[in-house]
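To keep things clear, I will list the structure first and then write my remarks on it.
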Amino acid sequence: TKDGGGAGFHIYEPQLHLQAEERRVLEMALRKALQNDEMHLQYQPVVDSETGGLTGFEALLRWTHPEFGVVPPDKFVPLAEEARLIAPIGEWVLRTACDEAARWPPDVRVAVNVSAEQLHNPHFVTTVAQALSQSELPPERLELEVTESVFLHEGTCATTVLERLLDLGVRLSLDDFGTGYSSLAYLSRTRFSTIKIDRTFVQGASKGKQEAIAIIRAVVALAQSLGMATTAEGVETTEEHEMIQDLGCTKVQGYYFGRPLPVEEARALACRPFDN
Ligand code: C2E
Ligand code: CA
Ligand code: CA
Ligand code: CA
């Protein structure tokens, strides 16, 4: 039964035997999403924890289907990865984000999420190089966010692709740190600029969970000793911001500083930096 509300995607009741059908329907729609102009990017501010100044934006992909409504990225990105659609979609994201960031002041960066599947493909380095040259965005203003899962895939050399991306002059950040199969080995192997601390730790710490506080403390110390910055994700309140500041995170991102914004609003904010 179709959900009459329009918001979200609830074509079927969540019964196991129907999930395959829902996936099939979504996948077919996803194949046409780009050409039908159903995708757009929103940009969430990333802020210097000490000064409150804007350091950049993270580009976040949005899909609005004419019938299903808004489909959240947590739902369609994994599907795009499995259906081998993430390469063309990811390429569109990269070009769109670089074109937009080229219009911002030179001290404002853009961060783009990259799936492990994209890094499998050695052509990805060319895609990034082309997006940079066509937009004339200086490479150091592009930050590629990868998760720990890129290091899990066997038989492909994600590390080599990451090295070639670093050779282009772009920055790398390690996203969702602590939620995956963390290994410290690749932190010493790959030159990340920033470690992004997942929102679950920020939330835990603000609720007084000693384990979460200990983990943030340890990650900040580790990052500092490796010359990397830290971004706390999902900061929603003053209390969370103060705690994160005390723990020494260099950058913050979250609803407290700004939700993901439509392109025009992000541009206005980029061109009129924070007052404080
Ligand atoms: P992510 O990379 O960890 O992105 C951060 C997510 O946290 C975003 O969800 C953002 O809207 C949300 N968020 C930011 N601040 C707060 C906060 O204060 N509170 C709460 N509750 N949430 C906050 P979003 O936009 O739904 O994206 C979900 C995930 O989808 C992303 O997680 C990323 O893994 C993936 N994704 C989004 N865009 C792309 C893309 O262009 N390419 C790829 N490969 N993945 C993408
Ligand atoms: Ca991210
Ligand atoms: Ca994240
Ligand atoms: Ca996440």
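For ligands, and for the atoms within them, numbers begin at 1 and follow the listed sequence. Throughout, residue positions are numbered sequentially from 1 according to the sequence presented.
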For [atom], tell me which residue out of [options] has the closest non-hydrogen atom.
atom                    : options              : value
atom 1 (P) of ligand 1  : T179, T237, D175     : D175
atom 5 (C) of ligand 1  : E145, Q203, E233     : E233
atom 23 (C) of ligand 1 : F257, F76, W92, Y255 : Y255

Open item on the list: Is it the case that ligand 1 has an N or O less than 3.5 angstrom from some N or O of R199?
Closed with: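 Right, the criterion is met.
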Task: Within-cut-off N or O pair, L61 and ligand 1, under 3.5 Å - done: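 Yes - when backbone and side-chain N and O of L61 are compared with those of ligand 1, one distance drops under 3.5 Å.
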Task: Hphob cluster co-occupancy, L226 + F177, side-chain heavy atoms under 4.5 angstrom - done: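 They do share one cluster, since a chain of ILVMFWY contacts under 4.5 Å joins L226 to F177.
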Ligand-residue contact atoms, ligand 1 with [X], heavy atoms, under 4.0 Å:
X    : value
P260 : 11 (O)
E236 : 17 (C), 18 (O), 19 (N), 20 (C), 21 (N)
R62  : 11 (O), 24 (P), 25 (O)
E58  : 2 (O), 4 (O)
D74  : 28 (C), 29 (C), 30 (O)
Q44  : 14 (C), 15 (N)
S115 : 44 (N)
V93  : 41 (O)

Task: Minimum-distance pair of heavy atoms, taken over all atoms of L54 and A270 - done: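 The answer is CD2-CA, 3.8 Å.
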Task: Shortest non-hydrogen contact from S49 toward Q245 - done: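 Smallest heavy-atom distance, with atoms named: O-NE2, 2.8 Å.
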TODO: Of all N, O or S atoms in E233, identify the one at the shortest distance from the Ca ion (ligand 3).
DONE: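 Sorting the N, O and S atoms of E233 by distance to the Ca ion (ligand 3) puts OE2 first.
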Task: Atom name of the N, O or S atom in D176 that lies nearest to the Ca ion (ligand 3) - done: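 Closest N, O or S atom of D176 to the Ca ion (ligand 3): OD1.
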TODO: Have a look at ligand 1 and work out which part of D176, if any, has a heavy atom under 4.0 Å from it: side chain, backbone, both or neither.
DONE: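 Contact part for D176 vs ligand 1: side chain (C-beta onward).
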Regarding [X], does it place an N, O or S atom less than 3.0 Å from the Ca ion (ligand 2)?
X    : result
D175 : yes
N113 : yes
E58  : yes

- [ ] Count the heavy atoms belonging to other residues, nucleotides or ligands that lie under 6.0 Å from CD of E136, then report whether that count exceeds 12.
- [x]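 It does not: E136 CD has 12 such atoms or fewer within range.
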- [ ] Check all N, O or S atoms of E145 and name the one closest to the Ca ion (ligand 2).
- [x]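 This turns out to be OE1.
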Strictly below 4.0 Å, N to O, side chains only: are [X] and [Y] in salt-bridge contact?
X    : Y    : answer
E140 : R171 : no
K196 : E58  : yes
R191 : E163 : no

Task: Near-ring test F57/W104, centroid separation under 6.0 angstrom - done: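 Judged by ring-centre distance (under 6.0 Å), W104 and F57 do meet the cut-off.
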- [ ] Kindly determine whether R24 and E21 satisfy salt bridge (charged side-chain N to carboxylate O under 4.0 Å, His left out), including the steps that lead there.
- [x] CA-CA 5 Å; R24 199 185 61 81; E21 176 66 4; 3.3 Å; yes
- [ ] Sort out for me which residue in Q42, H40, E38 forms a side-chain hydrogen bond (donor to acceptor under 3.5 Å, both in side chains) with R62.
- [x]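 Among Q42, H40, E38, the one that satisfies the side-chain hydrogen bond (donor to acceptor under 3.5 Å, both in side chains) with R62 is Q42.
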- [ ] Anything under 30° is parallel, anything over 60° is perpendicular, the rest tilted; go ahead and classify W63 against H65.
- [x]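 Ring orientation of W63 relative to H65: perpendicular.
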Open item on the list: Let's go through Y43 and E100 carefully: what are the C-alpha distance in whole Å and the side-chain angles of both, what is the deciding distance for side chain to side chain contact (heavy atoms under 4.5 Å, CB included) to 0.1 Å, and is it a yes or a no?
Closed with: CA-CA 10 Å; Y43 298 89; E100 180 54 28; 3.5 Å; yes
